[in-house]
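Model, not experiment: these values are computed from the prediction.
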Amino acid sequence: QVQLVESGGGLVQSGGSLRLSCAASGSTFLIRTMGWYRQAPGKQRELVADIGSGGTTNYADSVKGRFTIARDNAKNMVYLQMNSLKPEDTAVYYCNVDAFTVVFGSSRRNNYWGQGTQVTVSS
């Protein structure tokens, strides 16, 4: 099992910035891809950005140039720096990791989700 805890969400004015953090912990694991998703009321969850084990990043078109994803492998953390925030960025942001876990000599690959952190951007 891998537990993910997000932090850094809050209320910010349009044009402001926030940095989200996600800390992974649990049994023996190796994280492959780490990402951030978001879900706004009445909409499906969507990928915001992800970053592979080698550092390759992907961003949703709506956030390119404004958001930056980064990871610290030594600390098992992933971050999302959000700048020039817009009201349409308002959503619950979820951390996700694709990881291998090792329990009793058995390895298994799964996706793990955090509980989410609310980001609200006022106009």
Side-chain donor/acceptor of Thr117 to backbone N/O of Tyr93, under 3.5 Å
no

Flag side-chain contact, heavy atom, 4.5 Å: Val97 against Val2
yes

Look at the side-chain heavy atoms of Ile, Leu, Val, Met, Phe, Trp and Tyr, link any pair under 4.5 Å apart, and say whether Val119 and Tyr59 land in one connected group.
yes

Between Tyr79 and Met34, is there a shared hydrophobic cluster once you connect ILVMFWY residues whose side-chain heavy atoms come closer than 4.5 Å?
no

State whether Tyr94 and Arg38 meet the cation-pi test: NZ (Lys) or CZ (Arg) under 6.0 Å from the six-membered ring centroid, and within 45° of the perpendicular axis.
no

Would a 4.5 Å heavy-atom cut-off, applied to side chains only, mark Trp113 and Arg45 as touching?
yes

Please check if any side-chain donor atom of Asn110 sits under 3.5 Å from a side-chain acceptor atom of Arg108, or the reverse.
no

Please give me the minimum heavy-atom distance between Thr90 and Val121, naming the atom from each residue.
OG1-N, 2.9 Å

CG of Asp89 to OG of Ser62, rounded to nearest 0.5 Å, is 7.0 Å

Please tell me whether Val48 and Tyr112 are part of a single hydrophobic cluster in this structure, the criterion being side-chain heavy atoms less than 4.5 Å apart.
yes

Here the gap from Thr33 atom OG1 to Asn96 atom CG, rounded to the nearest 0.5 Å, amounts to 9.0 Å

Inter-residue atom distance Thr101.OG1 - Phe29.CZ, 0.5 Å rounding
10.0 Å

Take Trp36 and Phe67 through the ring pair (Phe, Tyr, Trp, His ring centres under 6.0 Å) test and state the conclusion after the steps.
CA-CA 11 Å; Trp36 288 95; Phe67 292 7; over 10 Å; no

Verify same cluster id: Ile51, Met82 (apolar side-chain graph, 4.5 Å)
yes

In terms of heavy-atom contacts, Asn73 and Ser53 come closest through ND2-O, 4.4 Å

Any chance you could measure Asn111, atom CG, to Arg109, atom CZ, to the nearest 0.5 Å?
8.0 Å

Just by modelled atom types, is the Asp98 backbone N or O under 3.5 Å from a matching donor or acceptor in the Arg32 side chain?
no

Atom pairs and distances, donor-acceptor, side-chain atoms in residues 3-20, under 3.5 Å, two or more places apart:
| unit_1 | atom_1 | unit_2 | atom_2 | d |
| --- | --- | --- | --- | --- |
| Glu6 | OE1 | Gln115 | N | 3.1 |
| Glu6 | OE1 | Gly116 | N | 3.0 |
| Glu6 | OE2 | Cys95 | N | 2.9 |
| Glu6 | OE2 | Gly116 | N | 3.1 |
| Ser17 | OG | Asn83 | OD1 | 2.9 |

Hey, mind stepping through Lys64 and Asp61 against salt bridge (Lys or Arg N to Asp or Glu O under 4.0 Å) and telling me if it holds?
CA-CA 5 Å; Lys64 286 182 178 178; Asp61 288 340; 3.1 Å; yes

Could you tell me which residues satisfy side-chain hydrogen bond (donor to acceptor under 3.5 Å, both in side chains) with Asp50, sequence neighbours excluded, listed by chain and number?
Asn58

Single-linkage hydrophobic cluster, 4.5 Å side-chain cutoff, Tyr37 and Ile69 together:
no

